[in-house]
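The structure appears right after this line, and notes come after that.
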Amino acid sequence: MPFLDDALLARIHDRAPGYDRENAFFAEDLDELRAAGYLTALVPESFGGAGLTLAQVVREQARLAAAAPATALAIGMHLIWTGVAKALLDRGDDSLAFVLREAAEGELFAFAISEPANDLMLFGSTTDAAPLPDGSYAFTGTKIFTSLSPAWTRLGTLGLDATSVDAPKLVHAVIARETPGAASTRISSLGDWNTLGMRATQSHTTRLDGAVADAARVYRRLDPGPSADPLIFGIFANFEILVAAVYAGIGDRALALGVDAAASRTSARTGLSRDQDPDVRHRLADAALAMDALWPQIDTLARDVDERVDHGTHWFRRLVGVKVNATRTARLVVDQAIAVAGGASFSREHELSRLYRDVLAGGFHPSNDDSARATIATDLLGPLLPPRVDSHD
Ligand SMILES: Cc1cc2nc3c(=O)[nH]c(=O)nc-3n(C[C@H](O)[C@H](O)[C@H](O)COP(=O)(O)OP(=O)(O)OC[C@H]3O[C@@H](n4cnc5c(N)ncnc54)[C@H](O)[C@@H]3O)c2cc1C
């Protein structure tokens with residue numbers, strides 16, 4: 001039995017073209033999803049949440065993305081934090097239990113990790129995290145692509161403490177925005193999101209100028225660089241799998257639109273509907289072949305996280321793999337559906353033209369294709385060695 005009902009998804013689907021056209025935040029979708037309890041999907045029932053598993057939520061996210069990709073991607077950022085908190089709790093670590101409690105109380109968590117020109121992602125930060133005497137931290141820096149900018153009330157972020165006696169340390173913390181939308185001198189949202197696709201995410205640049213995370217919401221101090229801390233696994237696993245689910249949903253929707261287009265167009269040459277054209281049949285069969293291989297990969301990995309399966313160091317290869325496979329597959333399926341639908345899909349009013357723009361965003365999320373290949377090659381072949389200097393030089 002699905003969590004999000006079809007009537008709600010139909011309303012969300014109807015609003016998507018308007019948000020895209022107006023470059024507007026999905027405010028009405030958010031209200032309805034909140035009322036449906038979706039913001040607590042991954043919050044355990046013992047915390048007052050809906051108590052879904054990650055395996056269940058990936059299917060809901062794909063249905064939501066099929067209705068409105070940008071809404072699903074942005075809500076996914078909140079789901080990632082609640083998923084991280086749940087994964088840690090399932091493994092006996094309650095350091096993020098406050099996230100589950102606050103999500104159950106209605107707080108909305110944004111994911112403020114990306115920084116300009118910082119491809120270290122979780123392993124380094126250009127944001128300064130200055131320790132304060134009471135154990136809180138003041139963050140100063142720039143975060144880019146902060147989805148949910150108009151509405152978040154909690155900002156999950158990362159900065160570098162360069163001054164404590166044990167520095168340098170990467171500080172993971174949550175900053176509260178007590179009055180959503182209110183002007184703040186310490187946190188500013190630049191309102192600069194004007195993109196080709198995924199427009200309703202409203203992922204503006206966020207400036208932090210001494211924004212304080214209370215001591216109770218500072219939950220990790222880690223050495224810079226790769227870390228075996230379960231937090232890093234939790235973020236990586238939830239991020240890659242939930243992002244994969246969004247793009248799988250785009251693929252599902254594009255395939256359905258391709259099938260509809262094949263059945264509804266007729267060839268003047270043969271007098272037959274296009275679904276009798278062997279080329280059209282091959283294109284849609286190729287698209288379905290790719291989708292049918294993707295879904296078991298997503299379902300299995302989500303279930304493995306839920307069931308605490310130990311893939312050891314191979315986890316990272318699998319996680320980057322599922323994200324890259326999903327974003328590549330979705331793009332391929334959208335391409336095939338557009339070829340089948342023909343010139344009509346070139347219209348700005350056609351849903352496939354929006355999916356075409358939205359699906360392009362998939363390649364930018366970490367891990368992008370190049371860094372995923374590097375992770376997989378390291379898993380297969382070991383790390384790259386520094387170049388050897390010949391002894392006779
Ligand atoms: C639709 C969408 C939603 C996203 N949502 C989130 C989110 O909620 N949270 C999150 O943490 N990440 C989010 N991301 C960010 C994503 O994860 C990547 O970090 C992002 O796409 C940057 O990718 P890049 O390194 O290829 O881009 P870059 O090439 O680094 O460009 C990204 C931005 O940084 C600027 N920039 C690049 N170099 C410099 C420089 N030297 N000085 C100043 N500015 C510079 C660019 O002008 C550009 O605006 C989202 C991405 C997309 C596409």
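Please read these numbers as outputs of a predicted model, since none were measured by experiment. Order of appearance sets the numbers: ligands from 1, and atoms from 1 within every ligand.
On a distance-only criterion, Thr146 and ligand 1 share no N/O pair closer than 3.5 Å. Residue His365 has no nitrogen or oxygen atom sitting less than 3.5 Å from a nitrogen or oxygen atom of ligand 1, judged on distance alone. Taking distance alone, with nitrogen or oxygen atoms compared against 3.5 Å, Phe111 approaches ligand 1 more closely than that limit.
Contact annotation for atom 38 (N) of ligand 1: protein present (non-hydrogen atoms, distance under 4.0 Å). Within 4.0 Å of atom 46 (C) of ligand 1, not a single protein heavy atom is present. Atom 19 (O) of ligand 1 is approached by the protein to below 4.0 angstrom, counting heavy atoms only. Shown here, atom 11 (O) of ligand 1 is in close reach of the protein: a heavy atom of it lies under 4.0 Å off. Of the protein's heavy atoms, at least one falls inside 4.0 Å of atom 8 (O) of ligand 1. Counting only heavy atoms, the protein gets under 4.0 Å from atom 30 (O) of ligand 1.
A donor-acceptor pair is defined here as one N or O able to donate and one able to accept, closer than 3.5 Å; no such pair exists between the side chain of Arg274 and the backbone of Ala261. Remark: the backbone N or O of Gly249 is not paired with any side-chain donor or acceptor of Arg253 at under 3.5 angstrom. In this structure a side-chain-to-backbone donor-acceptor pair under 3.5 Å is present from Asp5 to Leu8. Proximity of a side-chain donor or acceptor of Thr300 to a complementary backbone N or O of Gln297 within less than 3.5 Å is not detected.
Near Ala117, meaning under 4.0 Å from one of its heavy atoms, ligand 1 places the atoms 30 (O), 37 (C), 38 (N), 39 (C), 40 (C), 41 (N). The atoms of ligand 1 that sit less than 4.0 Å from any heavy atom of Ser203 are 3 (C). The Ile113 neighbourhood of ligand 1 comprises atoms 11 (O), with distances under 4.0 Å to a heavy atom of that residue. Taking every non-hydrogen atom of Pro366 and a distance limit under 4.0 Å, the qualifying atoms of ligand 1 come out as 16 (C), 17 (O). Atoms of ligand 1 lying under 4.0 Å from any heavy atom of Leu73, numbered from 1 in the order shown and given with element: 1 (C), 2 (C), 3 (C).
Remark: minimum distance from atom 4 (C) of ligand 1 to any protein heavy atom is reached at Ser147 OG, 3.6 Å. What sits closest to atom 49 (O) of ligand 1 on the protein, heavy atoms only, is Phe145 CE1, 4.5 Å. Shortest contact from atom 26 (O) of ligand 1 to any protein heavy atom: Phe364 CD2, 4.7 Å. The protein heavy atom nearest to atom 16 (C) of ligand 1 is Ser114 OG, 3.7 Å.
With Arg63 as the fixed residue, the side-chain contact (heavy atoms from CB on, under 4.5 Å) test singles out one of Ile12, Asp6, Val58: Asp6.
Phe364 has its ring centre no less than 6.0 Å from the ring centre of Phe145.
Counting only non-hydrogen atoms, the option in Gly76, Pro116, Ala74 that gets closest to atom 42 (N) of ligand 1 is Pro116.
Rounded to the nearest 0.5 Å, atoms CZ (Phe233) and NE2 (His311) are 8.5 Å apart.
A perpendicular orientation is assigned to the rings of Tyr219 and Trp81, their planes being inclined by more than 60° (bins at 30° and 60°). Ring-plane geometry between Tyr19 and Phe26 is classed as perpendicular, the angle between the planes exceeding 60 degrees on a 0 to 90 degree scale with a lower cut at 30.
Comment: Asp335 does not engage Arg331 in a salt bridge, judged by the lack of any side-chain N to carboxylate O separation of less than 4.0 angstrom. Asp275 and Arg281 are not joined by a salt bridge, as no carboxylate oxygen comes within less than 4.0 angstrom of a charged side-chain nitrogen. The pair Asp370-Arg373 meets the salt-bridge criterion, with a side-chain N (NZ, NE, NH1 or NH2) lying under 4.0 Å from an Asp/Glu carboxylate O.
Judged by the shortest distance from any of its heavy atoms, Ile144 lies inside the 4.0 Å radius around the atoms of ligand 1.
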